[in-house]
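Any value given below was found using the heavy atoms of this structure, including those in side chains, with hydrogens, waters and symmetry copies removed. In this chain, numbering begins with 1 at the start of the sequence shown. All of these numbers come straight from a predicted model, not from anything done at the bench.
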Amino acid sequence: MSLNDPIVPVVTEPAPDAEAVLVAEPQPSLAAEGLPFRFCCFVTGTDTEIGKTLVSAAILHTLVAGGVRACGMKPVAAGATERDGELHNDDADMLVAESSVHLPVNITTPYMLRAACAPHIAAKLDGVTIEPVPIIAAYAEIAAASDAVVVEGVGGFRVPFSDLFDSAQLAEQLNLPVILVVGLRLGCISHALLTVEAIIARGLVLAGWVVNEIDPDMQFADENVEALAERIPARLLGRIPYLEQPTAAEAAKFIDFAGLPGWPSARD
């Protein structure tokens with residue numbers, strides 16, 4: 001199947017007993033994409049293994065529980081294994097599980113790479129070159145089939161995909177509001193502030209940030225969060241405590257998404 005083939009999305013109906021239904025507020029159209037504005041965001045992080053997938057899944061979980069047709073996208077995933085004749089990646093699979101719109105894997109993850117290493121290395125090992133056009137085309141198909149799209153980056157904000165293309169450039173081309181996930185551990189203040197500078201320098205909107213406690217033994221955790229709150233020019237959306245068995249539903253309890261650009265309003 002090519003990216004230009006027509007796609008018939010499979011939509012999973014949300015649970016009928018959801019407490020509230022989220023209603024998308026009217027928004028102006030985005031001329032660049034030629035598509036009506038829906039809730040869309042790009043989730044990045046201060047590093048790898050700090051909770052980007054958990055937060056992305058929590059966003060999807062909240063949208064779907066509110067009746068929104070939502071789809072997650074992991075454009076580049078490294079560390080895939082073959083199951084039933086198809087490559088799978090745990091992060092990509094988690095987004096699929098929390099989505100209500102289901103599209104072919106070559107659309108939601110155009111680059112599924114086998115080696116669990118930096119994407120440009122994994123791509124070279126697989127004999128492929130990560131390019132922006134297939135990703136942008138796939139995103140357009142997802143956006144056309146959904147009312148909300150959550151795009152999860154890979155690693156930190158500026159990860160090489162090839163000699164000419166990196167994840168920061170992808171964020172620029174998608175031009176979506178950015179949500180930053182800060183893994184709360186020693187060194188996170190510098191990592192977070194440098195990432196914030198890089199996001200703003202590219203003219204992107206930093207819509208909010210989420211603290212994810214990944215080190216249960218970290219000292220002065222509150223003081224670190226206070227230092228970040230004083231310096232990051234965006235709203236702190238929530239603070240996820242250390243979870244022994246993290247799930248999207250549990251993480252979502254600690255995040256307030258209201259007020260994000262394009263976030264649907266709730267109705268009873």
Side-chain angles (χ1 to χ4, degrees), residues 1-5 7 40-57 59-60 71-99 101-143 145-146 149-174 176 178-181 183 191 195 198 202 212 214 246 248:
M1 175 178 291
S2 75
L3 293 176
N4 295 319
D5 290 339
I7 299 298
C40 302
C41 68
F42 183 88
V43 180
T44 190
T46 51
D47 203 347
T48 190
E49 300 296 331
I50 49 80
K52 292 188 306 298
T53 303
L54 181 63
V55 171
S56 299
I59 298 171
L60 289 165
C71 185
M73 181 184 193
K74 179 84 172 175
V76 179
T81 57
E82 188 168 337
R83 296 200 301 272
D84 301 323
E86 188 175 64
L87 288 175
H88 285 266
N89 170 270
D90 288 344
D91 292 348
D93 284 353
M94 187 173 185
L95 299 188
V96 169
E98 295 297 337
S99 298
V101 175
H102 300 287
L103 298 169
V105 68
N106 68 313
I107 300 296
T108 53
T109 304
Y111 291 99
M112 187 77 77
L113 309 172
R114 290 175 173 81
C117 58
H120 71 290
I121 298 173
K124 186 175 182 179
L125 291 173
D126 280 356
V128 301
T129 300
I130 301 174
E131 297 177 323
V133 172
I135 296 175
I136 301 302
Y139 171 79
E141 293 210 37
I142 295 170
S146 312
V149 185
V150 178
V151 182
E152 182 194 342
V154 56
F157 182 64
R158 193 176 181 189
V159 174
F161 290 152
S162 69
D163 292 342
L164 302 174
F165 183 43
D166 64 25
S167 57
Q169 291 170 310
L170 173 61
E172 284 184 281
Q173 295 193 26
L174 290 171
L176 302 177
V178 178
I179 296 175
L180 172 64
V181 181
H191 293 164
T195 304
R202 285 162 176 77
N212 185 33
I214 57 177

Going by side chain to side chain donor-acceptor pair (under 3.5 Å), name the pairs with one or both residues in residues 71-81, residues two or more places apart or in two chains.
K74-E152
Applying side chain to side chain donor-acceptor pair (under 3.5 Å), which residue pairs with at least one partner in residues 156-167 are found, sequence neighbours left out?
R158-D166
For T109, what residues pass the side chain to side chain donor-acceptor pair (under 3.5 Å) criterion, not counting sequence neighbours?
none
Who passes side chain to side chain donor-acceptor pair (under 3.5 Å) against K52, sequence neighbours left out?
none
What side-chain donor-acceptor pairs closer than 3.5 Å can you find for residues 43-50, not counting sequence neighbours?
{"unit_1": "T46", "atom_1": "OG1", "unit_2": "G183", "atom_2": "N", "d": "3.4"}
{"unit_1": "D47", "atom_1": "OD2", "unit_2": "R185", "atom_2": "NH2", "d": "2.8"}

On a heavy-atom basis, which atom in [X] and which in [Y] lie closest, and how many Å separate them?
X	Y	answer
A78	C117	CB-O, 3.4 Å
Y111	P134	OH-CG, 3.4 Å
F42	L176	N-CB, 4.0 Å
V76	P119	CG1-CB, 3.9 Å

Who pairs with E86 by side chain to side chain contact (heavy atoms under 4.5 Å, CB included), at least two apart in sequence or on another chain?
H88, V105
Among V150, V149, V178, exactly one meets side-chain contact (heavy atoms from CB on, under 4.5 Å) together with C41. Which residue is that?
V150
Surrounding CZ of R114 (heavy atoms of other residues, nucleotides or ligands, distance under 6.0 Å), is the total greater than 12?
no
Ignoring hydrogens and angles, tell me if any N or O in the side chain of D126 forms a donor-acceptor pair with the backbone of V128 under 3.5 Å.
no
